[in-house]
Amino acid sequence: MAWKGQYQITKQLSKNIFAIVVYASVVDFCVADLSLPNGPAGYSCKKPSTVTENDFAYSGLVPGNTSNIIKAAVTPAFDAQFPGVNGLGISIARLDLAVDGVVPMHTHPGASEILVVIEGTICAGFISSFDNVIYLKTLNKGDVMVFPQGLLHFQINSGTTIALAYASFGSANPGLQITDFAFFKNNLPTELLAKTSFLDIAQIKKLKAVLGGTN
């Protein structure tokens, strides 16, 4: 009878769901095995017998070197640096900004971001994807701002002293693409870039020379 077939399907689905729940409760974590390549789903798990408490702690969020063209440093604690966050859907980074420092327009294709200011004053903003509305805010110590996944955003030290912030992400590896580098730190022919960006060739060559692009 039809109801018997439906009963059997429901019973099997219940078993499968139960098995998934049991499996999820057994696998508490997946510490990254950095000896293996990273993939779309993250790193493979280390053998549980090789996992230690050191995999779940990280001491690398130290002050970064801001003696560079952007006067800023971003120090990540993503899965490649902090194996314990692999598979947990979280990560963090430290942001140091010298006076006039800037994190140029960029995007994280894999995660949303929350920024909390620890010291100084930061002008931060993002641009919506459809109608290009700009959401701009000056952040002071203790302020928090969220940047939705995949949207272009930036941070600028708008104060008179150094600025420090921490950014948390909804992924162990949020990804990063800096717009200036995507345009001018590659070998895309200048003529094509001029046609697609509406910039003049002289300006493109100047920016490529500064950022390391060719062609």
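The analysis underlying the following values was restricted to heavy atoms, covering all of them including side chains, and did not include hydrogens, waters or symmetry mates. A quick note: this is a predicted structure, and the numbers were derived from the prediction, not measured.
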Are the side chains of [X] and [Y] in touch, meaning some heavy atoms are under 4.5 Å apart?
| X | Y | result |
| --- | --- | --- |
| L136 | F154 | yes |
| D180 | L211 | yes |
| V210 | I69 | yes |
| V102 | Q155 | no |
| D79 | S91 | no |

Taking the ring of F56 and the ring of F29, is the distance between their centroids below 6.0 Å?
yes
Between [X] and [Y], what is the shortest heavy-atom contact and its length?
| X | Y | value |
| --- | --- | --- |
| L115 | A165 | CD1-CB, 3.7 Å |
| I178 | P104 | CG2-CB, 4.0 Å |
| L139 | M145 | CD1-CB, 3.8 Å |
| C30 | S44 | SG-C, 4.1 Å |
| T75 | G64 | OG1-CA, 4.2 Å |

Working to the nearest 0.5 Å, report the span between [atom1] of [X] and [atom2] of [Y].
| X | Y | atom1 | atom2 | answer |
| --- | --- | --- | --- | --- |
| D96 | N65 | CG | CG | 9.5 Å |
| L193 | I201 | CG | CD1 | 9.5 Å |
| L97 | T66 | CG | OG1 | 8.5 Å |
| L152 | I127 | CG | CD1 | 5.5 Å |
| I92 | Y58 | CD1 | OH | 11.5 Å |
| I122 | T138 | CD1 | OG1 | 10.5 Å |

With a 3.5 Å distance limit and no angle check, can you tell me whether [X] reaches the backbone of [Y] through a side-chain donor-acceptor pair?
| X | Y | value |
| --- | --- | --- |
| N68 | A72 | yes |
| N86 | Y43 | yes |
| T179 | M105 | yes |
| D55 | V51 | no |
| Q149 | P109 | yes |
| N140 | T121 | no |
| N157 | T161 | yes |
| K71 | A98 | no |

Looking only at side-chain N and O atoms, does S171 offer a donor or acceptor that is under 3.5 Å from a partner on N173?
no
V117 and Y166: CA distance, side-chain angles, deciding distance, side-chain contact (heavy atoms from CB on, under 4.5 Å) verdict
CA-CA 7 Å; V117 178; Y166 286 94; over 6 Å; no
Among pairs that include at least one residue of residues 108-143, which meet ring pair (Phe, Tyr, Trp, His ring centres under 6.0 Å), considering only residues two or more places apart or in two chains?
H106-H108, H108-H153, H108-F169, F126-Y135
Do [X] and [Y] sit in the same hydrophobic cluster, where Ile, Leu, Val, Met, Phe, Trp and Tyr count as joined when their side-chain heavy atoms come under 4.5 Å apart?
| X | Y | answer |
| --- | --- | --- |
| F183 | L188 | yes |
| I156 | I118 | no |
| L192 | F184 | yes |
| F181 | I204 | yes |
| V74 | F82 | no |

Check step by step if side-chain contact (heavy atoms from CB on, under 4.5 Å) holds for F78 and V85.
CA-CA 7 Å; F78 301 159; V85 302; 5.7 Å; no
For residues 188-199, pull every pair meeting side-chain hydrogen bond (donor to acceptor under 3.5 Å, both in side chains), keeping only residues two or more places apart or in separate chains.
none
Test L95 against L164 for side-chain contact (heavy atoms from CB on, under 4.5 Å), laying out the working first.
CA-CA 6 Å; L95 171 58; L164 169 64; over 6 Å; no
Is any side-chain N of the basic residue among D143 and K141 closer than 4.0 Å to the acidic one's carboxylate O?
no
What do you reckon, is CD of Q177 surrounded by more than 12 foreign heavy atoms closer than 6.0 Å?
no
Does I134, at its CD1 atom, have more than 12 non-hydrogen atoms belonging to other residues, nucleotides or ligands within less than 6.0 Å?
no
Using the test side-chain contact (heavy atoms from CB on, under 4.5 Å), find all partners of S129 that sit at least two apart in sequence or belong to another chain.
L151
